[in-house]
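So that the names make sense, note that chain A is the first sequence line, chain B the second, and so on, each numbered from 1. Bear in mind that the values here come from a model prediction, so they are computed numbers and not experimental data.
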Protein chains: 2
Amino acid sequence: MDYEFISGTELFSGLSAEETREILNISYAYTKLFGKEETVFELGSVTSCAAMVLCGSVRVERPDFYGTVSIISTIGPGEMFAEAYAFAHGEKMMVSAVAAEESEILFIDTEALLESGNITILKNFLKDASMKNLRLSRKIVHTSPKTIRGRVLEYFAYLSQNAGGNEFIVPFSRSRMAEYLSVDRSALSAELSKMRREGIIEFEKNRFRLMVSRRVLT
Amino acid sequence: MDYEFISGTELFSGLSAEETREILNISYAYTKLFGKEETVFELGSVTSCAAMVLCGSVRVERPDFYGTVSIISTIGPGEMFAEAYAFAHGEKMMVSAVAAEESEILFIDTEALLESGNITILKNFLKDASMKNLRLSRKIVHTSPKTIRGRVLEYFAYLSQNAGGNEFIVPFSRSRMAEYLSVDRSALSAELSKMRREGIIEFEKNRFRLMVSRRVLT
DNA sequence: GAAAGTATGTTGTTATAACAACATTTTTGA
DNA sequence: TCAAAAATGTTGTTATAACAACATACTTTC
């Protein structure tokens, strides 16, 4: 196992390669190779292991009610997945994970890890979980308005606040942005153009400017 | 401070009243009284403290882009909030928190808490964060279909799977359910009736039965 | 730098949800 | 138990998004 690499990841930050080796040993962590398109986690299964991609990449996907599969995210080297399921204990996975290419995955049993009692890694897990939490909350905030315009405004208000000015870069292609906001791509394009005509926004490629600001009170 | 009560909460589970007192001492935790409608956390502010309601209750709310405030959740005695912000470190709050009545709130500085090095409480935070994570992910899954029917089916499929049969209780009033799914209440009512006419579901008050099942593959 | 591929924008049509106003049922509490 | 209030259901109208099909612009890459 490449402890150098592993100790360099977010999750193991603050730990030396040697400490990393120790922790993984104590908690019976192991790696497994997956061929392209091989399933890492099955939809509806239960796991007590967090997983980290060491080499390759993993697609996280989910079928809708009618069976159409959509990709939720792609996990690359050093990134983790399934840890929320592992710590929450007993919840069925609402996604499946599939190796997008030949991949090596590290499995860490969270029960054993908690036993090990290493505080640094618990801290790191906690920070990771909290950040994921806020990302999810943000997405909910950005997609709860019922109109495309409402969603765009919520999202842009966030980006704008984040950038510290009224100008910002959207870190998505139009299709990805539409996906993120759960709206149709062409409808999004149309709405953006309409908002531009109305003087609410200006844009050029992915650089946007928000010409109005959030109404607070009354 | 009522250490008996605090040690009985989820967050302090596994800790005696005495241990609880110690941890709170070490980490400089303090309580504060809030009058009805007094603000506990301001929208857009930054906190390094997790908060727990000891007495009373707190409304978590958020204004949309046009200023209309909606209630995200209500926090009661023993429940926590703002901990994701505290652990993620430096993120601006996307909600505000207001005392719904005269309330006593416990503030725990997470930096100090991490210093204390108590593993039990870290575990508890981690489990809490993971469970919240899955709840948020689930909500995203339930609201990403573009039609009311799609959302209802996703939600019902979950409830049904959870109940272990095709019959289940919806733990919301119709208005709350509509809110959860981010759709109009009357439109939801209409869609439920339509689905009943089509034989897709049966229901009587909040007891539902799902007559179709998720299509997997092809 | 031409051709192919991909991303983005446009427009018209259709499906669906929001909204509003009201009817009916259920719950509450005096 | 009755009246009032709250929740739920119904229906028609209007606003909006999805969808489809195509035009245009940008980006590979050979």
Side-chain angles (χ1 to χ4, degrees), chain A residues 64-71 74 100 139-140 142-156 159 168-209, chain B residues 64-71 74 100 139-140 142-156 159 168-209:
Chain A
D64 68 16
F65 195 84
Y66 301 105
T68 308
V69 172
S70 63
I71 296 166
T74 300
K139 174 164 171 141
I140 290 174
H142 296 161
T143 54
S144 31
K146 298 196 187 61
T147 61
I148 295 182
R149 176 169 301 198
R151 295 183 191 188
V152 167
L153 285 173
E154 284 293 349
Y155 182 45
F156 283 6
L159 289 176
F168 49 89
I169 306 284
V170 171
F172 286 132
S173 72
R174 291 290 189 278
S175 330
R176 291 292 182 196
M177 181 178 163
E179 215 166 82
Y180 175 73
L181 296 177
S182 290
V183 300
D184 179 77
R185 180 199 60 77
S186 72
L188 172 61
S189 254
E191 187 63 35
L192 288 174
S193 301
K194 198 171 163 207
M195 290 170 77
R196 165 151 64 186
R197 279 197 303 279
E198 294 177 24
I200 295 168
I201 57 175
E202 293 176 358
F203 63 95
E204 160 74 36
K205 296 262 171 70
N206 281 19
R207 159 163 264 109
F208 285 75
R209 191 191 299 253
Chain B
D64 67 17
F65 194 83
Y66 301 105
T68 307
V69 171
S70 64
I71 296 167
T74 300
K139 173 164 170 139
I140 290 174
H142 296 161
T143 53
S144 33
K146 299 196 187 57
T147 61
I148 295 182
R149 176 169 301 198
R151 295 184 190 186
V152 167
L153 285 173
E154 284 293 349
Y155 181 44
F156 282 6
L159 289 176
F168 50 88
I169 306 285
V170 171
F172 286 131
S173 71
R174 291 291 189 279
S175 330
R176 291 291 181 197
M177 181 179 164
E179 215 165 82
Y180 176 73
L181 297 177
S182 290
V183 300
D184 179 76
R185 181 200 58 79
S186 71
L188 172 61
S189 254
E191 186 64 34
L192 289 174
S193 301
K194 197 171 164 207
M195 289 170 79
R196 165 150 65 187
R197 279 197 303 278
E198 293 178 24
I200 295 168
I201 58 175
E202 293 177 358
F203 63 95
E204 158 74 37
K205 296 264 171 69
N206 282 19
R207 159 162 264 111
F208 285 74
R209 190 191 299 255

**Student:** Measure the distance from NZ on A/Lys146 to P on C/dA18 and round it to the nearest whole Å.
**Tutor:** 6 Å

**Student:** Taking all non-hydrogen atoms of both residues into account, name the closest pair between A/Leu159 and A/Ile169 and its distance.
**Tutor:** CD1-O, 4.3 Å

**Student:** Would you mind reading off the distance between B/Asn206 atom CG and D/dA6 atom P, rounded to a whole angstrom?
**Tutor:** 19 Å

**Student:** Nearest-Å distance, NZ (A/Lys205) to C1' (C/dT8)?
**Tutor:** 11 Å

**Student:** Measuring only between side-chain heavy atoms, which start at C-beta, is B/Glu198 closer than 4.5 Å to B/Arg149?
**Tutor:** yes

**Student:** Could you tell me which non-hydrogen atom of B/Pro145 sits nearest to which non-hydrogen atom of B/Glu154, and how far apart they are?
**Tutor:** CG-CG, 3.7 Å

**Student:** Select base, sugar-phosphate, or nothing to describe what B/Phe203 touches, counting heavy atoms under 4.0 Å on all strands.
**Tutor:** sugar-phosphate

**Student:** Reckon B/Ser189 touches a base, only the sugar-phosphate, or nothing at all at heavy-atom distances under 4.0 Å?
**Tutor:** base

**Student:** Measure from CG on A/Leu192 to P on C/dT8 and round the result to the nearest Å.
**Tutor:** 11 Å

**Student:** Have a look at B/Thr147 and say if it touches a base, only the backbone sugar-phosphate, or nothing, with a 4.0 Å heavy-atom cut-off.
**Tutor:** sugar-phosphate

**Student:** Using a cut-off of strictly less than 4.0 Å, decide whether A/Arg174 has a side-chain nitrogen or oxygen near OP1 or OP2 of C/dG9.
**Tutor:** yes

**Student:** Return the value, rounded to whole Å, for the distance between atom CD1 of A/Ile148 and atom C1' of D/dC19.
**Tutor:** 12 Å

**Student:** Mind calculating the distance between CD (B/Glu179) and P (C/dA17) to the nearest angstrom?
**Tutor:** 18 Å

**Student:** With heavy-atom distances below 4.5 Å as the criterion, would you say the side chains of B/Leu153 and B/Met195 are in contact?
**Tutor:** yes

**Student:** Whole-Å distance between D/dA18 C1' and A/Asp64 CG?
**Tutor:** 15 Å

**Student:** What nucleic acid atoms does B/Lys194 come within less than 4.0 Å of, heavy atoms only: base, sugar-phosphate, or nothing?
**Tutor:** nothing

**Student:** Rounded to the nearest angstrom, tell me the gap between atom CD in A/Glu204 and atom C1' in D/dA25.
**Tutor:** 12 Å

**Student:** Whether the side chain of B/Arg174 engages the backbone of B/Ser189 through a donor-acceptor N/O pair (distance < 3.5 Å, no angle test) should be reported.
**Tutor:** no

**Student:** Nearest to the side chain of B/Asp184, which nucleotide is it out of D/dA17, C/dC19, C/dG9?
**Tutor:** C/dC19

**Student:** With nearest nucleotide decided by heavy atoms, which residue, A/Arg185 or B/Ala190, maps closer to the 5′ end of DNA chain D?
**Tutor:** B/Ala190

**Student:** Remember a base hit wins even if backbone is also touched, and classify A/Ser186 as base, sugar-phosphate or nothing at under 4.0 Å, heavy atoms.
**Tutor:** base

